[in-house]
There are 2 protein chains.
Amino acid sequence: MANYLTERSQKILEAIIEEYIATAQPVGSKVLTRTLGIKLSPASVRNVMAELEELGYLTSPHTSAGRIPTEKGYRFYVDSLLRVSDLDVRQKDQIQLKYRQQGLQMADMLREASRTLSTVCHYTGLVMVPRLKTTIFRHIEFVKLSPRQVLAVFVTQSGLVQNKLIEVDEDLHPRDLEKITNYLNQAMTGLSIQEVRARIITEMAEEKALFDRLLRRAFVLSSAALDDESMGDIIIEGTSHFLEQPEFADLPRMKRIVQTFEQKSILVDLLDRGLEAKGVQVIIGSETEYTELADCSLITAAYSGKRGTLGTLGVIGPYRMPYSTIIPIVDYTANLISRLLDTDND
Amino acid sequence: MANYLTERSQKILEAIIEEYIATAQPVGSKVLTRTLGIKLSPASVRNVMAELEELGYLTSPHTSAGRIPTEKGYRFYVDSLLRVSDLDVRQKDQIQLKYRQQGLQMADMLREASRTLSTVCHYTGLVMVPRLKTTIFRHIEFVKLSPRQVLAVFVTQSGLVQNKLIEVDEDLHPRDLEKITNYLNQAMTGLSIQEVRARIITEMAEEKALFDRLLRRAFVLSSAALDDESMGDIIIEGTSHFLEQPEFADLPRMKRIVQTFEQKSILVDLLDRGLEAKGVQVIIGSETEYTELADCSLITAAYSGKRGTLGTLGVIGPYRMPYSTIIPIVDYTANLISRLLDTDND
DNA sequence: CTTTAGCACTCGATTACGCTGAGTGCCAAA
DNA sequence: TTTGGCACTCAGCGTAATCGAGTGCTAAAG
C-alpha cells in the first residue's frame with residue numbers, strides 16, 4: 001500500500017472531513033457518493049476509507065458506524081487540503097462595523113475583538129493583551145494620592161493605559177513628581193520597555209545618578225511602575241458557545257475545559273506560541289500539549305502595532321470546526337486590529 | 001387545617017430542606033425519621049408532609065418520590081428557620097489570607113473577592129464594581145497624548161482608578177491642562193460625582209465661566225471624563241462551579257444561564273437591588289423576576305467605604321444551596337472588603 | 001384526637017430482549 | 001480496478017417486565 005495519498009484519496013478524505021464538520025456524525029460510504037463530485041460506488045469509497053484508516057487519518061467509533069477524522073486527519077486537511085477563501089465584503093463590513101464607535105481605548109477595542117470573534121465564529125473568542133515588555137514607552141505620569149501613595153499611569157505607544165499604585169517610603173513633593181515625570185517622558189519616549197529597563201539599570205549605576213537624589217527617585221519609581229508582569233492577560237468571551245457543541249455534552253469534560261479557561265494560564269501559553277508566527281496558526285488537539293484541551297482546536301493570529309507584534313488573538317472550539325470559514329475571520333480580525341491600532345494613536 | 005405551621009411542622013420542613021440541600025434527592029418519610037431528632041413514625045411524618053405540600057412549601061416530582069422544597073419553602077426556611085452561625089476563626093483566616101498581599105489596587109481586590117467567594121462557597125462569585133456616580137471625587141489628571149487626544153485619569157476616594165480617552169477639538173497646551181487639573185482638584189475633591197456634575201452644570205451657566213476660556217475647557221473636559229456610565233461593571237468568577245450542580249445537567253438550560261452571565265446586564269440589575277439593603281439579602285428563583293435565572297438563588301451583601309455604600313457582592317448558584325454556611329461567608333466578605341477599602345486608602 | 005401499623009397502589013428507574021438499519025468487509029464478477 | 005452482492009456487526013430504539021421507594025388511606029392502638 002502506498003504511504004502517500006493519491007489525489008482521489010485526498011478528495012475523499014476532504015469530503016469526509018467536511019461532511020463530519022457539518023454534521024458531527026460519523027460519515028458512511030453511501031452519503032459520500034452523493035456528496036462527492038466523482039462518480040464512484042460505495043464499495044470503492046469503502047476501499048479508500050479502509051486505506052485512510054490504516055494510514056491513521058480516519059477512525060471508526062465502532063464497526064457499524066461511519067468514519068470520523070483523527071487528529072492526524074485534521075492536520076493533513078488543514079495543511080494540505082484546505083483552501084481558505086477571502087472573506088466576502090459583507091462579512092468584512094459586519095466585523096468592521098463593531099469598531100466604528102469613536103474613542104475606544106485599546107482595552108475596550110480588544111474586548112470588542114474577542115466578543116466579535118466569538119459571535120461571528122460561534123466559538124469562544126480569545127485575545128491576548130500585549131505584554132508589557134514588548135510594548136513601546138509613550139508616556140508616564142505620577143500622581144500623588146497621599147503622602148505615601150503614588151499612582152503611576154503608564155501609556156504605551158499603541159494606546160494601552162495601565163495604572164499601578166506604588167507605595168513610597170518618603171513624602172514626595174508634587175513639584176518633584178512633575179520633574180520626574182518630565183524627565184522620564186523626555187528620556188524614554190519611543191524606547192521599548194525592555195530598553196527602558198536596561199536604561200534604568202545602567203543609569204542608576206552611573207556616577208551622576210548616584211548623587212542626584214531626584215534622578216534616583218525617578219528610576220526607583222519608574223522601575224516600580226514597570227515591573228508589573230501581570231500583563232499578558234487574556235480576554236475570553238463567549239464561553240457559552242462551548243455548551244452548544246455536541247461533543248462536549250458530558251458535564252465533567254465540559255467542566256474541565258471551562259476551568260481551564262478560568263485559570264487562563266494555559267491559554268496564555270498557547271496564545272504566546274502564536275507571537276512569532278506569521279499568519280494564522282492552527283493548533284489541533286494534543287498539539288496543545290495539555291490534556292485538558294485534548295479535544296479542542298485553537299486558531300490564532302498575531303496582531304501588531306507600528307513597531308512589531310503586540311499580541312495574538314483567535315478562537316478556541318472543538319476540533320471539529322469549519323476551518324475554512326474561521327481562518328479567514330481570524331486573519332481578517334488580526335489585520336483589522338493591527339490597522340486600527342496603527343491609525344488610532346498617531 | 002391550620003394555615004400557620006406548628007413547631008413540629010417547622011422542624012420537619014427544616015429537616016426536609018436540609019436533607020434535600022445535602023443530597024439533591026427528593027426526601028422520603030423514612031429517611032426523615034432517622035434524620036429527625038423527634039421520635040416519630042414515618043406515617044406521622046407523611047401526614048405532616050401532606051399538609052406542608054398543601055400549604056405550598058413542598059412538592060413532589062411524582063407520586064412515588066419523596067418531597068422537595070418549593071420556592072416558598074426555601075423562602076420560609078431562609079426567613080424563619082435559618083439560624084446563621086458566625087464563621088469560625090479558621091474560615092475567617094482562610095478568607096482574610098487572600099488579601100494579605102500589599103499594594104492591591106481596588107480593582108484587583110474586588111476581583112480577588114469574587115474569586116475567593118467562588119472558591120470558598122463552591123458557587124459563582126459576583127462583585128459589582130462601584131458605580132461612578134455614587135463614588136467620591138478624589139483626584140483627576142489630564143495627560144496630553146497627542147494634539148487631539150487627552151487621557152483623563154480619575155481616582156475615586158475609595159481608590160478606584162479609571163481612564164478615559166477624550167478626543168478634543170483644539171490643541172491644548174500642557175500648561176493649560178495643568179491649570180485645569182489643579183483647578184478641578186482643588187474645587188471638587190470630596191464631592192460625590194453627582195455633586196461634581198451638578199456643580200459643573202451650574203458653574204458653566206454662570207457669568208464667570210462664560211468669559212473664561214480655560215474654565216470652560218475645564219468643565220468640558222471633566223464632564224467628558226465623568227460621563228462614563230460604563231461603570232457598574234461586574235466581576236464574575238467561577239462559572240465552572242455551575243457545571244457541578246446536578247440540577248443543571250441538561251445543556252440547554254445550562255447554556256441559557258451562562259449566556260445570562262456573559263451578558264451581565266441582568267446580574268447588574270440584581271446586584272443593584274442589594275445596594276440599599278442592610279445585611280445579607282437572599283433572592284430565590286422567580287424573585288429575580290428573570291426567567292433565565294428561575295432556578296438560581298443569589299446571596300448578596302453591600303460593601304461600603306468611608307462615605308456610604310459602594311457596591312454589592314455575593315454568590316449565585318442553584319437554589320438548593322447551603323444557606324447557613326454561604327450567608328455568613330458573604331456577610332464576612334462584605335465587611336472585610338469594606339474594612340480594607342477604608343484603611344487602604346487613607 | 002393523635003399516632004401508628006398495615007396494605008394496596010403508583011410510577012420512575014433499571015434491566016432484558018428483540019428488532020432495525022446503517023454501515024462494514026470481503027468476494028467474485030464485470 | 002471497479003462494482004454489485006451478501007453476510008455480518010452493532011449502536012440505537014422501542015417494548016415489556018421487574019423492582020422498589022414512597023405514598024395515601026384505613027383501621028386499630030394510645
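In what follows, chains are A, B, ... by sequence order, proteins preceding strands, each numbered from 1. All figures in this text were calculated on a predicted structure; none of them were measured in a lab.
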Practice problem: Could you run through nucleotides 24-30 of chain D and give me one letter per nucleotide, 5' to 3': B if any protein heavy atom sits under 4.0 Å from the base, S if only the sugar-phosphate is that close, - if neither? | Solution: B------
Could you work out, with side chain to side chain donor-acceptor pair (under 3.5 Å) as the rule, every residue matching [X], not counting sequence neighbours?
| X | value |
| --- | --- |
| B/Glu18 | B/Tyr77 |
| A/Lys255 | B/Glu244 |
| A/Ser44 | A/Ser41 |

Practice problem: With a 4.0 angstrom cut-off to heavy atoms of chain A, pull out the first and last contacting nucleotide of DNA chain C, in 5'-to-3' order. | Solution: C/dA22 to C/dC26
Practice problem: Could you pull out all residues at least two apart from A/Asp88 that satisfy side chain to side chain contact (heavy atoms under 4.5 Å, CB included)? | Solution: A/Arg90, A/Gln91
Quiz item: Residues two or more places apart in sequence or in another chain: which of them pass side chain to side chain contact (heavy atoms under 4.5 Å, CB included) with B/Pro322?
Solution: B/Ile21, B/Tyr123, B/Thr325, B/Ile326
Practice problem: May I have all residue pairs that pass ring pair (Phe, Tyr, Trp, His ring centres under 6.0 Å) and include part of residues 249-268 of chain A, sequence neighbours excluded? | Solution: A/Phe242-A/Phe261
Quiz prompt | side-chain hydrogen bond (donor to acceptor under 3.5 Å, both in side chains): pairs with one or both residues in residues 22-32 of chain B, sequence neighbours excluded | solution = B/Ser29-B/Arg46
Quiz item: Going by number, which of residues 15-22 of chain B have a non-hydrogen atom under 4.0 Å from DNA chain D?
Solution: none
Practice problem: Name every residue in residues 243-254 of chain B that has at least one heavy atom under 4.0 Å from any atom of DNA chain D, in order of residue number, or write none if there are no such residues. | Solution: none
Self-check item: All pairs passing salt bridge (Lys or Arg N to Asp or Glu O under 4.0 Å) where residues 67-81 of chain A contributes a residue, at least two apart
Solution: A/Glu53-A/Arg67, A/Arg75-A/Asp79, A/Arg75-A/Glu287
